[in-house]
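For the numbers below, each heavy atom of this structure counts, side chains included, while hydrogens, waters and symmetry mates do not. Quick note: residue numbers are just sequence positions, from 1. Source: prediction; values computed, not measured. Note that ligands are numbered from 1 as they come in the structure, with each ligand's atoms numbered from 1 the same way.
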Amino acid sequence: MKILVTGGLGFIGSHTVVELQNEGFDVVIIDDCSNSTENVLDGIVAITGKRPLFEKLDLKEKSKVEDFFKRHSDVVGVIHFAASKAVGESVEKPLLYYENNIGTLVYLLKELSQKNNASFIFSSSCTVYGQADQMPITEDAPVKPAESPYGNTKQMGEEIIADTCKVTPGLNAIALRYFNPMGAHPSTEIGELPIGVPQNLVPFITQTGAGLREQLSVFGDDYPTEDGTCVRDYIYVVDLAKAHVIALKRLLENKNSDNYEVFNVGTGKGSSVLEVIQSFEKVSGKKLNYKIVDRRPGDITTAYADTTKANEVLGWKSAYSLDEAMKSAWDWEQKIRS
Ligand code: WQD
């Protein structure tokens, strides 16, 4: 069966392509390479021995999307990663985010709605919860007003999919609300490739460890948490990739109980910034150079998942620890710097 993976050259997308191929799916990738490079394909081939089809295409071009689905009428499912995802950038350039994250979603859904049976997996985010009132966070925790246009596009995206599924019997969708993805494939053939200065904690840590960055700034240690630093749920990217394949198979095998479902994808465990630093120091044997600075505007204090629904309904559970995920991130950093 042929699956379209949009954004399949990206961090989570490329790891999901590997897991799809491992499960025997044929994969076609669409990526505009705005935040990725074509040589990620070589990494995928090095792992699976199979080269996915690839089309460099901007999903904002409606006619190109229509033409793609005419040429690939045998696509039975779509895993949709392609989107802009930098929280800070979205505040400065909201229209870029609404056009790229919402416009493209509408074009994809229009094409899938014309099929008599289509499966759609949406890359959503725990950011839709904002600062949840209770921990761990369950899927029925209230969606709070978004703290950024990026977060708003995830909330709007979910609503657009839910509304469309309601009136499109042939369309079945699952939204996966990621917590904080991290790490790299154990082969070190693919991993996270942040462009410029990393916004996210883990790549900044490994780049500091590799000597690319002078020092990590820890954004605040005066939060109401055990050690004063923010707590997040760091999920290993290979665990996350496997969740996508399990979700897709749930739809392809008609095991879903509703034609739009939502699942949290996390470990169910919270780790503070200082604990993540300690994990790096443990797995690398290196002391990390960091300093405490002011809070980063927009950061929430604590977020970690209640994974009961994913474990019991989806049949997925994370398998890797923070240290194992951090080891993979460090191995990858050393590989790309060698
Ligand atoms: C984690 C913690 C920072 C960098 C964002 C998006 C989310 C998803 C993942 C896309 C926070 C602290 C960070 C640094 C630091 N993105 N930190 N120094 O903000 O939880 O989530 O990325 O889907 O939607 O919101 O992740 O890695 O940026 O920050 O102290 O140099 O690390 O304050 O507490 P975040 P993050």
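The CD atom of E99 sits 8.5 Å away from atom CG of L95, with the distance rounded to the nearest 0.5 Å. The structure places CD of E23 at 10.0 Å from CG of L248, a figure rounded to the nearest 0.5 Å. The CH2 atom of W332 lies 8.0 Å from the CD atom of E189; values are rounded to the nearest 0.5 Å. Note that CD of Q114 and CZ of F69 are 10.0 Å apart. Values are rounded to the nearest 0.5 Å.
Sorted by first and then second residue, the pairs that involve residues 267-312 and meet ring-ring contact (aromatic ring centres under 6.0 Å, His included), not counting sequence neighbours, are F280-W330.
Remark: D222 engages R295 in a salt bridge, criterion side-chain N to carboxylate O under 4.0 Å.
Closer than 4.0 angstrom to ligand 1 by heavy atom are V87, S125, T127, Y150, N180, Q199, N200, L201, L216, S217, V218, F219, C230, R232, Y234, V273, R296, D299, sorted by chain and number.
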